[in-house]
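Just below is one structure, and these are the notes that go with it.
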Amino acid sequence: MIITVRLAKRRYKMSLGDLVYSLRKVTRPILRGLLWSMRHVRKPNGLMLGRNVRMLSAGKLRLGSAVSIGANSYIDCSVDEVVHLSDGVTLREQTWLQCRSGLNPPGQSLHIGERTYIGPFSVLGVSGPVVIGPGCQIGSRFTLSAEEHLPGSTGTFTDGATSRTGIQIGADCWFGNNVTVLDGVTIGDGAVVGASSLVTKDVPAGVVAFGVPAKTVRQAIQQ
């Protein structure tokens with residue numbers, strides 16, 4: 001027997017075996033999320049937390065419903081504004097979200113839209129403002145760095161200043177594994193970025209881009 005269920009803001013067709021698997025997978029994360037919400041005086045909203053999730057500056061964290069954060073993730077929300085994870089956002093295991101490094105100035109803000117999925121071992125460096133639109137599918141080991149290092153008085157980059165332009169990713173984008181996006185980049189709605197690409201310049205909406213550096217190769221949907 002196949003039934004349709006709605007989980008984490010998505011619809012799935014599932015067999016009885018799928019239901020048993022899902023219950024075993026989500027029961028403990030849901031309980032951890034409930035306990036975290038109670039400790040931080042938050043209204044329970046279906047948060048799912050894996051084991052050993054560390055959160056800093058949680059007062060700046062705004063959570064939609066059915067957000068999932070995988071085991072062994074590091075979530076540093078030290079920003080001037082807020083870190084907003086919308087309904088159904090998934091951050092898989094060992095995600096590293098860093099909004100501040102040491103005593104350097106805090107980052108500005110992060111907004112991740114509804115139903116966006118970010119794969120395991122991803123690194124989100126939020127110094128300038130970062131927006132990731134709804135419905136994005138992002139593979140494992142994704143790296144995002146909203147900051148550019150500049151040479152200092154000695155001519156080296158180790159003691160220099162930084163600039164923080166920010167990164168904007170549109171809705172319904174798809175990223176393969178091991179993609180890196182650098183500061184100042186805007187990626188349009190529906191873009192596809194191939195695995196192991198380095199995105200240094202803007203990617204228009206609705207195109208396929210890949211390479212080091214990433215370049216547009218064709219439209220995402222062929223007519």
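One-based numbering along the sequence shown. The structure presented is a predicted model; accordingly, all values stated were derived computationally and were not measured.
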With sequence neighbours excluded, what pairs up with Trp96 under the ring pair (Phe, Tyr, Trp, His ring centres under 6.0 Å) test? Tyr74
What pair of heavy atoms forms the shortest contact from Ala146 to Gly166, and how long is it? CB-CA, 4.3 Å
Who are the side chain to side chain donor-acceptor pair (under 3.5 Å) partners of Glu148, not counting sequence neighbours? none
Sorted by chain and residue number, the side chain to side chain donor-acceptor pair (under 3.5 Å) partners of Asn72 (sequence neighbours excluded) come out as Asn52
[X] side, atom [atom1]; [Y] side, atom [atom2] - distance, nearest 0.5 Å:
X      : Y      : atom1 : atom2 : value
Ile138 : Leu91  : CD1   : CG    : 9.5 Å
Gln98  : Asp76  : CD    : CG    : 6.5 Å
Phe175 : Ser140 : CZ    : OG    : 13.5 Å
Gln137 : Cys173 : CD    : SG    : 11.0 Å

Using a 3.5 Å distance criterion without hydrogens, assess whether the side chain of [X] forms a donor-acceptor pair with backbone atoms of [Y].
X      : Y      : result
Ser57  : Cys77  : no
Thr116 : Cys136 : yes
Arg100 : Asn104 : yes
Lys60  : Asp80  : yes
Asp189 : Ala205 : no

Salt bridge (charged side-chain N to carboxylate O under 4.0 Å, His left out) pairs touching residues 39-58, sequence neighbours excluded, are none
Going by heavy atoms in the side chains, are [X] and [Y] under 4.5 Å from each other?
X      : Y      : value
Thr95  : Ile69  : no
His111 : Ser86  : yes
Gln168 : Ile187 : no
Leu97  : Val83  : yes
Ile167 : Leu144 : yes
Val181 : Thr200 : no
Leu61  : Leu85  : yes
Cys99  : Val79  : yes

Could you tell me which residues satisfy side-chain contact (heavy atoms from CB on, under 4.5 Å) with [X], sequence neighbours excluded, listed by chain and number?
X      : answer
Leu47  : Trp36, Ser37, Asn45, Leu49, Leu63, Val67
Pro105 : Arg164
Thr165 : Asp183
Val207 : Val203, Pro204, Thr216, Gln219

Does [X] sit in a hydrophobic cluster with other residues, and if so which ones, taking ILVMFWY side chains as linked at heavy-atom separations under 4.5 Å, directly or through other members?
X      : result
Trp174 : Val192, Val208, Phe210, Val217
Leu34  : Met38
Leu198 : Leu182, Val212

Could you list the donor-acceptor pairs under 3.5 angstrom formed between side-chain atoms of residues 119-135 and any protein atom two or more places apart in sequence or on another chain?
residue: Ser122; atom: OG; partner: Gly119; partner atom: O; Å: 2.8
residue: Ser122; atom: OG; partner: Phe142; partner atom: N; Å: 3.2
residue: Ser127; atom: OG; partner: Glu147; partner atom: OE2; Å: 3.1

